[in-house]
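Scroll down for the structure; my scribbles are underneath it.
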Protein chains: 2
Amino acid sequence: MPYPKHHAAKTREKILACAYKLFIARGFDATSIDRIMRDCQLTRGAFYAHFQSKSQLYGAAIAQAAMQSRLAGDRPTHLSEKAWLLELLTSYLCKDTSAKTDWPCPLAFLATDVVRREPEVRAAYTASFAAMNTHIRELAQTYSNCSEATVLSVTAMLIGTVAIARTLDNERLRISLLESSVQTAVMQLGLA
Amino acid sequence: MPYPKHHAAKTREKILACAYKLFIARGFDATSIDRIMRDCQLTRGAFYAHFQSKSQLYGAAIAQAAMQSRLAGDRPTHLSEKAWLLELLTSYLCKDTSAKTDWPCPLAFLATDVVRREPEVRAAYTASFAAMNTHIRELAQTYSNCSEATVLSVTAMLIGTVAIARTLDNERLRISLLESSVQTAVMQLGLA
DNA sequence: GTCTATATTGGGATAGAC
DNA sequence: GTCTATCCCAATATAGAC
């Protein structure tokens, strides 16, 4: 066959990465398949060999982004659970700066973009939220007994903070908000 | 003249209301001027007598929605500041249910939809956020001395909670999240 | 201020060659 | 798997009549 082994898988990954960048930067509707494929240096015709529709791609990209999250990754062995949680938390609340990471958090960056999409997209979003919540709770419970309710609302605060901070056009307010949420999260999760 | 006095102003209000409903239900890109005007029982041609562009309409609708918020309204004289804040907070955290109110909170419902729009739209969003924060702080400071940082992060939690709750496809998780945030806000704002 | 008609543009998806 | 070419539809915005 004319294509090397795993060529299809590689192409698929590339489409996912290019697509996610554009979804983050422009939202679902404003991102065209044409543009995604041009960024991959392919043409639109090739798209449908990998995905059935734009919506299916969207759900897959969100799931992929959630998997790439640092929260989903392993804790470095030289850090305690508590120290690792503090590190994750402070890095999360800096992420707003112009989506510089490769896989910005879909929970914050696409929050209101997901509501109206196909069920599979909402399912990917819900699973990501549940996973983030579980990870934080598991880390927190190794050193404190903070309640499930506390973890749930802290998770919402983190996501809300990043989503809002990205949108604010007032730099001082943005910084205040991010710093306030770090402070509150540290208190609520007993990281002080 | 063939049109009654204030006809233009009435029409403008009607366009704003119909447009906002659609923006909330479908987002900016998926809302067409054609559909907005059909809902107003007018045609597309009339639109440009009232607004210069869809973006300008979007900013105006967000500003209008923020003004219509209960938070921006007057406190009933028979309620203390503390009781009124508790009432506002619990009603805010029920709002997610399918946007049943006339002017759902743009901060939560349009959070990630605003980032990429014209500066005037982001400015309207920022002003709404600052106003919500100030209102909560002013009420809270009549009976407690909670910090500005606390109020900022609580505000972000409220908005984040509603935005996320709307998106979740798991009813149990949605309810847990809303209840957890009520509980946390009550604690943080000294409303217990 | 509101209408109908239209110019212009662009996107999703498919067909069929290679 | 990837290409080019094409079908089909919808959207913003403008023109000009009433």
Side-chain angles (χ1 to χ4, degrees), chain A residues 1-62 110 113-114 116-121, chain B residues 1-61 113-114 116-121:
Chain A
M1 67 173 78
Y3 298 101
K5 230 177 162 183
H6 296 133
H7 177 80
K10 289 277 183 204
T11 302
R12 194 188 144 97
E13 299 283 315
K14 200 171 168 188
I15 295 174
L16 278 172
C18 289
Y20 194 68
K21 273 199 186 67
L22 287 167
F23 286 141
I24 290 294
R26 308 173 167 215
F28 180 80
D29 288 319
T31 298
S32 69
I33 295 175
D34 199 42
R35 174 57 192 268
I36 294 168
M37 297 307 280
R38 262 197 290 127
D39 285 9
C40 293
Q41 295 178 299
L42 294 169
T43 58
R44 187 169 55 244
F47 174 79
Y48 294 93
H50 297 275
F51 297 93
Q52 289 181 353
S53 69
K54 196 174 142 183
S55 277
Q56 196 211 348
L57 167 66
Y58 195 53
I62 288 173
L110 302 175
D113 216 49
V114 168
R116 301 168 275 269
R117 311 262 104 83
E118 325 275 289
E120 59 186 331
V121 182
Chain B
M1 67 175 76
Y3 296 102
K5 231 175 159 184
H6 296 135
H7 177 79
K10 289 277 183 201
T11 302
R12 193 187 145 97
E13 299 283 315
K14 201 170 168 188
I15 295 174
L16 278 172
C18 290
Y20 194 67
K21 272 201 187 68
L22 288 166
F23 286 142
I24 289 295
R26 309 174 166 213
F28 181 81
D29 288 318
T31 297
S32 70
I33 294 175
D34 198 43
R35 174 58 192 267
I36 293 168
M37 297 307 279
R38 262 196 292 127
D39 285 9
C40 293
Q41 295 177 299
L42 294 169
T43 57
R44 185 169 54 245
F47 175 80
Y48 294 93
H50 298 275
F51 298 93
Q52 290 182 353
S53 69
K54 197 174 143 182
S55 277
Q56 196 210 348
L57 167 66
Y58 195 54
D113 216 48
V114 169
R116 302 167 274 266
R117 311 262 102 86
E118 325 275 287
E120 59 186 331
V121 182

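Atoms considered below: every heavy atom in the structure, side chains included; atoms not considered: hydrogens, waters and symmetry mates. Note on naming: letters A, B, ... go to the chains in the order of the sequence lines (proteins, then strands), and numbering restarts at 1 for each one.
For A:S32, the listed nucleotide lying nearest its side chain is C:dG11; candidates were D:dT2, C:dG11, D:dA11. In the set D:dT2, C:dC3, D:dG1, D:dG1 carries the atom at the smallest distance from any side-chain atom of A:A8.
Qualifying ring-ring contact (aromatic ring centres under 6.0 Å, His included) partners for B:Y20, counting only residues two or more places apart in sequence or in other chains: B:W103.
Rounded to whole Å, the distance from CD on A:Q56 to P on C:dG12 is 15 Å. Between B:I36 atom CD1 and D:dA10 atom P the separation is 17 Å, expressed in whole Å. Atom-to-atom, CZ of A:R38 to P of C:dG12 comes out at 12 Å; the value is rounded to the nearest Å. In this structure, B:K14 places its NZ atom 13 Å from C1' of C:dT2, rounding to the nearest Å. Rounding to whole angstrom units, CZ of residue B:F51 and P of D:dA13 are separated by 13 Å. Atoms CG (B:D34) and C1' (D:dA10) sit 9 Å apart, rounded to a whole Å. Summarising the geometry, the separation between CE on B:M37 and P on D:dA10 is reported as 20 Å, rounded to the nearest angstrom. The CG atom of B:L42 sits 11 Å away from the P atom of C:dT4 (whole-angstrom rounding).
A donor-acceptor distance shorter than 3.5 angstrom exists from the side chain of B:R116 to the backbone of A:I24, with no hydrogens or angles considered.
Considering all non-hydrogen atoms of both residues, A:H50 and A:A8 come closest at CE1-O, 3.5 Å.
Under 4.0 angstrom from either OP1 or OP2 of C:dT2 there lies at least one side-chain N or O belonging to B:T11. Within the structure, a side-chain polar atom (N or O) of A:T43 is placed less than 4.0 Å from OP1 or OP2 of D:dC3.
You'll find the side chain of A:I15 reaches within 4.5 Å of the side chain of A:F51, heavy atoms only.
Classified by interplanar angle (parallel below 30°, tilted 30° to 60°, perpendicular above 60°), the ring pair A:F23/A:F28 is parallel.
Electrostatic pairing of B:R26 and B:D113 does not count as a salt bridge here, judged by no charged N lying under 4.0 Å from a carboxylate O.
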What pairs of nitrogen or oxygen atoms, one from the protein and one from nucleotides 13-17 of chain C, lie under 3.5 Å apart?
residue : atom : partner : partner atom : Å
C:dA13  : OP2  : A:Y48   : OH           : 3.0
C:dA13  : O5'  : A:Y48   : OH           : 3.4
C:dA13  : N6   : A:R44   : NE           : 3.0
C:dA13  : N6   : A:R44   : NH2          : 2.9

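Pairs of residues two or more places apart, or lying in two chains, never qualify as salt bridge (charged side-chain N to carboxylate O under 4.0 Å, His left out) while including a residue from residues 11-20 of chain A.
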